[in-house]
Amino acid sequence: MPTITFIRPDGARRDLAVAEGTSLMQGATSQGLDGIVAECGGNAMCATCHVYVDEAWAGRLPPLSEDEDALLEGAAAERLPTSRLSCQIVATADLDGLVVRLPDRQV
Ligand code: FES
């Protein structure tokens with residue numbers, strides 16, 4: 001099971017094992033991680049699961065869809081080039097060690 005590191009805005013890190021085939025959002029919320037709201041439950045409709053992918057990993061993820069791109073424009077926190085929706089990133093063995101940062105707000 002890949003381990004994903006989530007870093008809060010205050011620098012606190014949490015390593016979570018996320019089952020392959022489930023999204024980072026699901027892995028985080030099911031393990032009680034603060035900082036991801038996921039109002040729409042992973043249906044790519046809310047942008048409250050926004051994360052910043054570590055730059056070293058940004059090019060190793062599948063490209064974002066048009067819907068994800070459009071939703072990120074409405075995210076509560078600043079959009080950066082590495083912004084993604086964590087409900088649209090599915091954990092795979094290749095993503096073991098992935099690092100994402102949480103924005104300072106989701107709503
Ligand atoms: S949970 Fe709503 S867009 Fe990801």
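Start at 1 and go down the list; that is how both ligands and their atoms are numbered. Predicted, not measured: the structure shown is a model, and the values here were computed from it.
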If you apply the rule side chain to side chain donor-acceptor pair (under 3.5 Å), what do you find for D15 with T3, and how did you get there? CA-CA 6 Å; D15 296 332; T3 298; over 6 Å; no
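- Of all the atoms in ligand 1, the ones that sit under 4.0 Å from a non-hydrogen atom of M45 are 3 (S).
- At atom 4 (Fe) of ligand 1, the vertex angle linking SG of C49 with SG of C87 is 100° (nearest 10 degrees).
- Residue contacts with ligand 1 leave out E39, since none of its heavy atoms falls under 4.0 Å from the ligand.
- A side-chain donor-acceptor contact under 3.5 Å links Q106 to the backbone of G35.
- Residues P2 and E20 are in side-chain contact: their nearest non-hydrogen atoms beyond the backbone lie under 4.5 Å apart.
- From the protein, the heavy atom lying nearest to atom 3 (S) of ligand 1 is A47 N, 3.3 Å.
- Atom CD of E73 has more than 12 heavy atoms from other residues, nucleotides or ligands within 6.0 Å.
- Contacts with ligand 1 closer than 4.0 Å are made by backbone heavy atoms (N, CA, C, O) of A44 only, the side chain lying farther away.
- The closest side-chain heavy-atom distance from R13 to R8 is not below 4.5 Å.
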If you apply the rule salt bridge (Lys or Arg N to Asp or Glu O under 4.0 Å), what do you find for R60 with D94, and how did you get there? CA-CA 9 Å; R60 296 167 64 177; D94 288 347; over 6 Å; no
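- Heavy-atom proximity to A38, at under 4.0 Å, picks out these atoms of ligand 1: 1 (S).
- Distances from atom 2 (Fe) of ligand 1 show that C40 has an N/O/S atom below 2.8 Å.
- Within the 4.5 Å cutoff, the side chain of T82 has no heavy atoms near those of the D54 side chain.
- Closest to atom 1 (S) of ligand 1, if we only count protein heavy atoms, is G42 N, 3.4 Å.
- Looking at Q88 against ligand 1, nothing comes within 4.0 Å, counting heavy atoms.
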